[in-house]
Structure formats: structure tokens, C-alpha cells
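Note sheet for the following structure.
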Amino acid sequence: MSNIRTRFAPSPTGYIHVGNVRSALYPYFIARQSGGKFVLRIEDTDQNRFVEGAEDLIIDVLHWLGLDWDEGPDGTAERGGYGPYHQTARKEIYHRWAMKLVDKGLAYADPRPAEEIKALQDQAKAEHRLFLYRDHRPENPPIWDGTMPLRFKVTEPKDYHWHDEVMGDLSAGRDAVDDFIIIKSDGLPTYNFAHIVDDAEMKITHVIRGQEYISSMPKYLALYDALGLDYPIFAHLPHILAPEGNKKLGKRDGAKSVTEYRNDGYLPEAMVNFLACLGWNDGTEQEIFTMDELINKFSFAHVQKSGARFDEKRLLWLNGQWIKRLSLDDLHNRCRNFWGEHGQLAPVEQQKAVLSIVQERMKTLVDLPSLSEYFFARPTINWDIIATSKQLAKRDRNNLVELLRAAYSKLSTTDFTSEDVIQASLNELLEQTDEKPVIMFGIIRFALTWAKFSPGLPETMHLLGKDESLARLQAAIDSTN
RNA sequence: GGUCUCGUCGUCUAAAGGUUAGGACAUCAGGUUUUCAUCCUGACAAUUCGGGUUCGAUUCCCGGCGAGAUCACCA
């Protein structure tokens, strides 16, 4: 048990995309590796961007990924002693803290209309001049009554130096912090203020978030100082870049939601493994990590400083690796919603038998139907598919049918008791006909599956059974008449 | 534009002054007596540039170049 406390603090403004997930993962690892607590806090202070149902989506995704939290929203209730865990429910708390600043003369109500400020900013920009609000403070600010925004007052601008677990020692000049709004005119706090109050109240020890917050650090440091708070440990994570260009991965560049990957047949283990290793590695050549391994091995010391590109091909490979590692029962469970039309109706035992020979070829769960349907229902005969095989395409139809006849008569006297027996019989067939394997086995495979890809011939035939195998060969022969 | 940050194969990364600069994904070529998306083998491929410091720089320092982030009553 330690007093380490980390948090993931998303905004319910839409679906959670893969770029967001990593900033949940690392705090989770840090909390779990030390026996500390992982807190989920909903940052819903922006009423304009609030999206109905977004919170449920976030929770659903965290559950799916296997990230459990010790404190935070829990169904309709909340769990943990430092709640509430929705910022909109903490309004009084922010006001109480804001009053501390007002009382110290470190915050003032700002009566200036937003348009006027905008005009000042535009003017400064046009003149290539730095705009500092502190040069335009209202002369006699009114008493703050909650209807006007409340601004933090920078009394002594100074340089800031601080340490970041990922980025190292950082610094910023005195103009990096200016008077900024801490409570909006709607009475809710801005992120800048709210997260500091919350982190303090919730005793958060590690602030782990995206790199985009680095430039705001002086603001936060000024606020910690003004509020008399100790600094937590900071760790700013590099961005995850979109597959194309050098842009940060975001929704408008088509960043997919985690839910989308789940529907596309990706395993949460692969997702976690992939995202955790985007910008982090344990210093060895290991590529596959379980959640437990990540928890044990994760360290900021090995987090990359520069952005990492999201490479779907690597994700796909990793997913295939994870699928291969699944036990048959586990795989069967996860395939529940991925069977094809006929597969879903098949008895469990048959489904498992099919999975066992198809497992190593699956890269995602959505591959299942194309890899399995012909086991459950007789495939549609399609001679055109022969053209996809270089070797078979050279033979004429009659010749191929001849071969199928030979195969039929050989196999009808074969015992289908095991794959080995079938293999042996197929080998004899080869000798008797003096045909090349690529031709003979190729045409048999097509006659049985009419699919571009399938598992090995003996496995396929063994699973299909003698009657069905022969019936399919016969159907192929008959189809040419 | 100001401020801040970053810069190793196409991509993810290892090497925290001394290695033929390593691994993985992708790609390509072989192989596993049928296909193949599995598996095995192999090939291709990188230190942004210029100055220092040093016996020796991917590594430390300075400058250029390139890239990104941020400058909101968004988080």
C-alpha cells in the first residue's frame, strides 16, 4: 500500500479515441505497480461541448480495456472518499478555493466584455506585439458576484523551472504566464483552475497528461504557489501522431474510437499492448506484454520524448499474436458475436473444432466468417475462383474434373479416422495419378471450400467428415455437366 | 510571430562516449512435398546538417535546418 494516487480525467465531449487511451494507461500502471489508487474524474465544466452519453462511452471503454478505478463514477453512484468526481458537482469547492485568492488580492472580477478583449488581442497581433492581459487590468474591478469571470492576478511575473518525469528539466520565461480566467461567467471553473483544486483535494500525487499542457505549466505553477500547494509529480506524454503527416492524432484526422476497434475484432490485450508501447519500451527486445507485465515494468525513464506514429499494421500484427495466444475456450467466448450466418447456429463443439484449426490464421475476429463459413454450410460452387491460382488456371476444366474423379474414388475407400490417415491416402493418390501436389491438392481444396484461403487439406477434410467431403467433390464434378 | 519542446531504418524503438548502430512491424526473396493471412530463413533499410569538446561521438556543448505544441470564459 502506498499513498501514490493517479487519475484519468477525461471530458465527456464525445467518443474516446485511441490517442486518449494512453493517458489513462500510464497513470493506471503507476497506481497499480505501487499499490496506490487510480481515480477517474469527469471534467465536465464545458457545458457547450458536453455530449450526452459520452461518459457512459468512456466508462464502457475503460471496462473493456481492463482499467478499473478505485474512485470515481460507479454506475449511478460514486465511489471513494474525495468525491464528487464530476466537476459540475464541485462548484462550491471551486468557489471556496477561488475566494482564498480573492481574499489575498490574487484574483479579480473582470467586467470587460469578451469582444473588447478580443479587439485588444487582435490589435496587438496586427502590430506584432505580445499581448499581456496584465497590461490592461480594469482599474477598479467590481466585487466578484459570480456573474463575471474571475481572473487570476499575476503579481510578480517570473521565470519558472520545474522537473518533468518524461521531458526532464523544463523552463519558461516570465511572459509565459499572464492573468487568466479561473472561473467563467457561468460560474463553472476553467480547466486551468479546476484540475489544480481537484488534484489537491483528491490528493493526486502524479499528474500525467498530454504534452499540449506543457506550455500552460507556468500558469499552473503560479496557481500552486498562490494557493500554497505543493507541486505534484509531473509527467507530460508525447503525442500520438496520425498515420499520415505530422499531425497529432485527433478525431478530425479520422482517429478511430476504441469502440470501433473492438467492433473490428481487436482484442483489448492487443490494444493495451500496442498503445502502451507507443512511446515506451522496457529497454529489452520484448514486444508482447501482458497487462501485469506492463504494470510491473512501466517506468517514465523509458518514455519517449518525441511523438509516435499510430501504425495500424503493427496493431494488426500484435492482434494476431494475441489471438494465437488465447486458449480455445477463451477464443470461443470472444468470437460470440463474430460468427457468420451459418457458423453462429452451429453447435458449440463444432464451433470450437473449427476455431482450433483456424485460430492461427486470424488477425482479427472479423476474419472469422470468411475463414469458417464453408465448414458449416456447403459453399457455392464458383469455378471462376480457379483463375486466382496460377498453376490451376493453366489446366482446362475437363482435366481438373478428371482429377476430382480420381480423388473421389481414392477417398471413398479411405478411412477418415485421423488427419494422418487422410494425408497418407492423399500421398498415395499423388503417386497413382503421377500428378503434382500443387495441382491435385489445389483442385481438391477448391472443390471442398471454394474459398481463396483455408487451413490445411487433411485438417479441413477431417473436420468436414468423409460424407460431406465426398459430397462436395461429387457436387463439383456434377456442376460441369 | 512570441514562448516551449522534439529530431536513430518507411514505421515503433535499442544502444545513457568505444557495437559490423541491435530488435520488431511493413516491404521483397526463398522454404515448410496444396492454397495462405500462420510458421521458419534471408535481404533491403537509419543516427537532420555544420561546427566544437574528446584518443574516440547517435550519445555532451553551440549554431543552422526540419517538425510539433501552445498563445480561449476548450480541456
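Note on naming: letters A, B, ... go to the chains in the order of the sequence lines (proteins, then strands), and numbering restarts at 1 for each one. Reckoned from all heavy atoms, side chains included, excluding hydrogens, waters and symmetry mates. As the structure is a prediction and not an experimental result, all values here were calculated from the model.
In this structure, A:His302 has no ring-ring contact (aromatic ring centres under 6.0 Å, His included) partners at least two apart in sequence or on a different chain. Residues passing the ring-ring contact (aromatic ring centres under 6.0 Å, His included) test with A:Tyr85: none are found, sequence neighbours excluded. For A:Glu419, the salt bridge (charged side-chain N to carboxylate O under 4.0 Å, His left out) test picks out no residue, with sequence neighbours left out. Partners of A:Glu127 by salt bridge (charged side-chain N to carboxylate O under 4.0 Å, His left out), not counting sequence neighbours, listed by chain and number: A:Arg129. A search for salt bridge (charged side-chain N to carboxylate O under 4.0 Å, His left out) contacts involving A:Asp330 returns A:Arg334, not counting sequence neighbours. The ring-ring contact (aromatic ring centres under 6.0 Å, His included) test applied to A:Tyr266 returns A:Tyr261, not counting sequence neighbours.
The phosphate of B:U13 (OP1 or OP2) has no side-chain N or O of A:Asn281 nearer than 4.0 angstrom. Here A:Lys324 reaches the OP1 or OP2 of B:C39: one of its side-chain N or O atoms lies under 4.0 Å away. Phosphate contact (OP1/OP2 of B:C6, side-chain N/O of A:Gln211, threshold under 4.0 Å): absent. For A:Gln304 and B:U8, the shortest distance from a side-chain N or O to OP1 or OP2 is not below 4.0 Å.
If you check B:G66 for Watson-Crick or wobble pairing at under 3.5 angstrom, you find it paired to B:C6. Pairing for B:A46 is absent, judged as Watson-Crick or G-U wobble with the two contacts each under 3.5 Å. Remark: B:A37 base-pairs with no nucleotide in the shown strands. Criterion, Watson-Crick or G-U wobble with two distances under 3.5 Å. In this structure, B:A14 makes no Watson-Crick or G-U wobble pair, since no nucleotide meets both defining distances under 3.5 angstrom.
The stretch residues 40-51 of chain A touches RNA chain B through A:Glu43, A:Thr45, A:Asp46, A:Arg49, each having a heavy atom under 4.0 angstrom from the strand.
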Protein-proximity profile, nucleotides 57-64 of chain B, B/S/- by nucleotide at the 4.0 Å heavy-atom cutoff, equals --------
The contact string for nucleotides 20-28 of chain B, one letter per nucleotide 5' to 3', using protein heavy atoms under 4.0 Å with B, S and - for base, sugar-phosphate only and none, comes out as --SBBSS--
Mark up nucleotides 29-35 of chain B, 5' to 3', with B wherever a protein heavy atom is under 4.0 angstrom from a base atom, S wherever such an atom reaches only the sugar-phosphate, and - elsewhere.
----BBB
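Mapping A:Trp280 and A:Ser306 onto RNA chain B via the closest heavy atom, the residue that lands nearer the 5' end is A:Ser306. Summary of the strand contacts: A:Asp367 and A:Ala308 both lie near RNA chain B, and taking for each the nucleotide with the nearest heavy atom, the more 5' one is attributed to A:Ala308.
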Please list every donor-acceptor pair under 3.5 Å in which a side-chain atom of residues 452-460 of chain A meets a protein atom from a residue at least two apart or in another chain.
{"from": "A:Ser454", "atom 1": "OG", "to": "A:Arg445", "atom 2": "NH1", "distance (Å)": "2.8"}
{"from": "A:Thr460", "atom 1": "OG1", "to": "A:Pro455", "atom 2": "O", "distance (Å)": "3.3"}
{"from": "A:Thr460", "atom 1": "OG1", "to": "A:Gly456", "atom 2": "O", "distance (Å)": "2.7"}

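Among pairs with a residue in residues 180-189 of chain A, none fulfils side chain to side chain donor-acceptor pair (under 3.5 Å), at least two apart in sequence or across chains.
In this structure, A:Arg96 does not pair ionically with A:Glu92, as no charged nitrogen and carboxylate oxygen lie closer than 4.0 Å.
Between A:Tyr220 and A:Tyr213, the two ring planes are tilted [angle within 30° to 60°]. Ring planes of A:His136 and A:Tyr133: tilted class, angle from 30 to 60°. A:Phe298 and A:Phe300 have perpendicular rings, their planes meeting at more than 60° on a 0 to 90° scale where under 30° would count as parallel.
Of the N and O atoms on the side chains of A:Gln423 and A:Asn427, at least one donor lies less than 3.5 Å from an acceptor on the other residue.
Closest to the A:Gln121 side chain, of the nucleotides B:A72, B:C6, B:A75, is B:A72.
Comparing B:C61 with B:C28, their C1' atoms are spaced 43 Å from each other, to the whole Å.
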Begin with the C-alpha distance, continue with both residues' side-chain angles, and end with the deciding distance and a verdict on side chain to side chain contact (heavy atoms under 4.5 Å, CB included) for A:Asp311 and A:Leu315.
CA-CA 7 Å; A:Asp311 180 7; A:Leu315 208 211; over 6 Å; no
